[in-house]
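Encoded as structure tokens, the structure appears first; notes follow it.
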Amino acid sequence: MPYYPDELIEEVRSANDIVDVIGSYVSLKKKGSSYFGLCPFHNEKTPSFSVSQGKQMYYCFGCGAGGNVLTFLMQYENLTFREAMESLADRAGITLPKQEMSAAQRRAADRRAKLLEINKEAGKYYYVRLRSPQGAHALEYFKKRELTPETMQRFGLGYSGKYSNELYNYLKQKGYSDDLLKDSGLIIFDEKRGGCDRFWNRAMFPIMDAGSRVIGFGGRVMGEGEPKYLNSPETSIFDKSRNLYGLNFARASKRQGLLLCEGYMDVIALHQAGFDNAVASLGTSFTSGHANLMKRYAEEVYLTFDSDEAGIRAALRAIPILREAGLSAKVIDMNPHKDPDEFIKALGADAYEERIARAENSFMFEVRMLERGYDMKDPESKTAFFREVSRKLLIFTERLERENYIEAVAEKYNIGFEQLKSMVASESSRGGIVTPRRQYKSGFNREQKREDGIRTSQRLLLTWMAEDKELFHTVSRYIGPEDFTEELMHRVAAILYEQENAGEANPAGIISMFEDEQQQREVAAMFNAAIKPTEDVREQEKALNDTVRRVKQAGIEARQKSLEPTDIAGLQRLIEDRKILNKIHITLS
């Protein structure tokens, strides 16, 4: 994390009200002293995402994502700390000082810049080669695919050269070292031949990030040869799971949603036909990283995969990933043609527009594909089909949504609504149906860390003490930072005590003191423990006293375990702690 003085970080953070910032991304409604909305980091139907104006923090009780306004931008926009600071400073009209990088940071930044520079040079080299006599057959290939010169220029299409060392020699003449060229993924080295090009005799497709910087390449072999398509390996600037082909153009499209294709040519053909919202994964299976990237730019995704079995399997894999990311998905029927490129050539853009309008709901597509494995004329097989559909319907946890889908399936397959609803209820009550583990955009998984009672009590106490200054001073007569036994919680408690004693408690500011994203989430959780609401003062007092006693007891036990037999002073402190434990009695009236 680049160095900024704590005072400047706090100035930028406090100048940007968290409700205003998050409210520009998430629809929030006030409930009590907090604001709630649907969590942007995981798929949910009931709002569990809380934003506190008083604490200037957010926390999701569903997936555990949490932090302050800086960590929100880092998580949601996938920004570095420095980029989040710059964005919020600009929003608040604050001028940031120029950052002095450490030597290591400067080397890393320089190396990244050099790799981007090498990829840009390679893109220019391939582009010129395509338009040279040597690239005539690759140019003819693109022309046969009915691409216009304007489209070829827009996507920077090129040709990698006939021989296996052309790009290597070109880049060496530019002064780039073998070490850098190896890291770029464009050059392969072996003991006998030295440096040689990864791509040669291939039609080239530059891969650009969302900012239109060349970060890698895809190449289609000209003539015979394997593999038919070859992609750059992952490098420090090219992460296949965090980039999509064509997104640099699609992100600015005025069209609704995104069209998800399988290949480069499909994307290019659709853009040429006016569908500039088309993207494709980069020679790898569709992942949750791709889905979360798409969610930044659209709420609806149209799957326009090949109509063959491989395309169907790819669609069936992508649908649950999109659903988990909270994206609505529909499937476009390409029949009788293989893919979007073929379809556009045969039937034109208007026909494709009609197919988009008639795109099939992704769940109904899953059901239709499931049906193919059953003999619907055989009663036993037909029953088994509906039983399997009933299990699938259980993915809809919201009653109204589930009943809407039950109604749709019942209507399509001519079965009574109540009959199917009863079967769904029966499958639900059977038990043993495992809900897939949910992976959240924030990287946090509820099952990753099951909290024990002591940790929960310590979190509750920190939450109460951070929210109520008077209560803090009452509790601190019995509890000190040393009673918070987990290392991270102890560090946070020590900072909070220091702030409270100085009269300037700032839980949101504490988050910025930790660089690790997981730690930031855990710190946020410490100040957002779920508290059961009650207006009964006696119940509140009992809960508070029980919690304080548990925390004190845990602190005593932890210190006792680590106490050396010869530590007389430590033993005396334990005796005093036990006396304090017996004296704990807090009243709220």
Side-chain angles (χ1 to χ4, degrees), residues 6-7 9-19 30-35 50-59 61 66-71 454-486 488-514 520 522-552 554-555 577 580-581 583-589:
D6 291 343
E7 299 78 15
I9 295 172
E10 188 55 26
E11 181 186 357
V12 171
R13 187 198 62 75
S14 59
N16 288 273
D17 182 76
I18 196 166
V19 174
K30 192 166 187 182
K31 186 178 178 183
S33 60
S34 295
Y35 293 78
S50 165
V51 184
S52 169
Q53 198 157 36
K55 296 179 189 175
Q56 286 295 299
M57 297 169 69
Y58 68 93
Y59 187 72
F61 294 97
N68 58 23
V69 69
L70 281 158
T71 52
I454 296 303
R455 192 170 191 273
T456 301
S457 295
Q458 292 176 349
R459 275 186 56 192
L460 277 168
L461 196 55
L462 275 178
T463 298
W464 283 331
M465 293 172 76
E467 289 182 347
D468 190 328
K469 189 177 184 67
E470 186 177 334
L471 181 63
F472 170 85
H473 290 295
T474 301
V475 171
S476 62
R477 296 205 302 265
Y478 307 104
I479 300 291
E482 69 277 3
D483 291 308
F484 295 88
T485 53
E486 188 182 82
L488 181 62
M489 207 174 301
H490 172 74
R491 289 168 61 192
V492 170
I495 297 168
L496 180 66
Y497 272 65
E498 187 180 323
Q499 290 181 342
E500 284 281 12
N501 290 328
E504 49 185 30
N506 181 9
I510 294 175
I511 293 172
S512 297
M513 298 179 185
F514 296 86
Q520 290 174 346
E522 291 185 30
V523 174
M526 292 174 200
F527 296 119
N528 287 278
I531 302 170
K532 186 179 179 181
T534 176
E535 295 181 4
D536 189 314
V537 175
R538 284 176 299 178
E539 283 189 24
Q540 291 176 11
E541 284 182 353
K542 183 178 185 309
L544 177 59
N545 280 281
D546 287 347
T547 301
V548 173
R549 289 189 189 103
R550 278 196 296 271
V551 172
K552 191 67 181 179
D577 280 340
I580 292 172
L581 177 64
K583 289 180 182 177
I584 291 173
H585 180 70
I586 301 170
T587 58
L588 298 175
S589 53

Identify the two heavy atoms, one from Leu496 and one from Ala505, that lie closest to each other, and give their separation to 0.1 Å. CD1-CB, 4.3 Å
Can you tell me if Arg459 uses its side chain to pair, donor with acceptor, with the backbone of Ala525 under 3.5 Å? yes
Okay, side chain of Ser52, backbone of Tyr58: is any donor-acceptor separation there less than 3.5 Å? no
Least distance between heavy atoms, His585 atom then Tyr478 atom: O-OH, 3.7 Å
How long is the gap from NE2 on His490 to CD on Gln458, to the nearest 0.5 Å? 11.0 Å
Under the criterion side chain to side chain contact (heavy atoms under 4.5 Å, CB included), I'd like the reasoning laid out for Asn501 against His473: C-alpha separation, chi angles, the key distance, then a yes or no. CA-CA 9 Å; Asn501 290 328; His473 290 295; 4.3 Å; yes
Ignoring hydrogens and angles, state whether a donor on the side chain of Asn68 or Gln56 is under 3.5 Å from an acceptor on the partner side chain. no
Work out which heavy atom in Ile454 is nearest to a heavy atom in Ala554; give both atom names and the distance. CG2-CB, 3.6 Å
CZ/Arg491 to CE/Met526 distance, rounded to the nearest 0.5 angstrom? 9.5 Å
Which value, rounded to the nearest 0.5 Å, describes the distance between Thr463 atom OG1 and Lys55 atom NZ? 5.5 Å
Of all heavy-atom pairs between Ala466 and Pro507, which one has the smallest distance, and what is that distance? CB-CG, 3.9 Å
So do Ile511 and Phe527 actually touch side chain to side chain, heavy atoms under 4.5 Å? no
When rounded to the nearest 0.5 angstrom, what distance separates CG in Asp17 from CD in Gln53? 4.5 Å
What heavy-atom pair brings Ser476 and Tyr497 nearest, and what distance separates the two atoms? CB-CE2, 3.8 Å
May I ask you to say whether Glu539 pairs ionically with Lys542, meaning some side-chain N is under 4.0 Å from a carboxylate O? no
Gap between atom CG of Asp483 and atom CE of Met489 - 0.5 Å precision: 12.5 Å
Lys469 atom NZ: more than 12 heavy-atom contacts under 6.0 Å: yes
Quick check for you: to the nearest 0.5 Å, what is the distance between Leu460 atom CG and Met465 atom CE? 12.5 Å
Taking Trp464's backbone N and O only, do any of them form a donor-acceptor pair with Glu467's side chain (distance below 3.5 Å, no angle check)? no
Without swapping roles, check the side chain of Lys552 against the backbone of Ile580 for a donor-acceptor pair under 3.5 Å. no
Looking only at atom types and distance, does a side-chain atom of Gln499 sit under 3.5 Å from a main-chain N or O of Asn506, one as donor and one as acceptor? yes
Leu544: which of Leu461, Ile584, Thr474 passes side-chain contact (heavy atoms from CB on, under 4.5 Å): Leu461
Can a donor-acceptor pair be found, under 3.5 Å and without considering hydrogens, that links the side chain of Ser457 to the backbone of Arg550? no
From Leu70, Val12, Val69, residue fulfilling side-chain contact (heavy atoms from CB on, under 4.5 Å) relative to Ser512: Leu70
Apply side chain to side chain contact (heavy atoms under 4.5 Å, CB included) to the pair Arg549 and Leu581, showing each step before the final yes or no. CA-CA 6 Å; Arg549 289 189 189 103; Leu581 177 64; 4.2 Å; yes
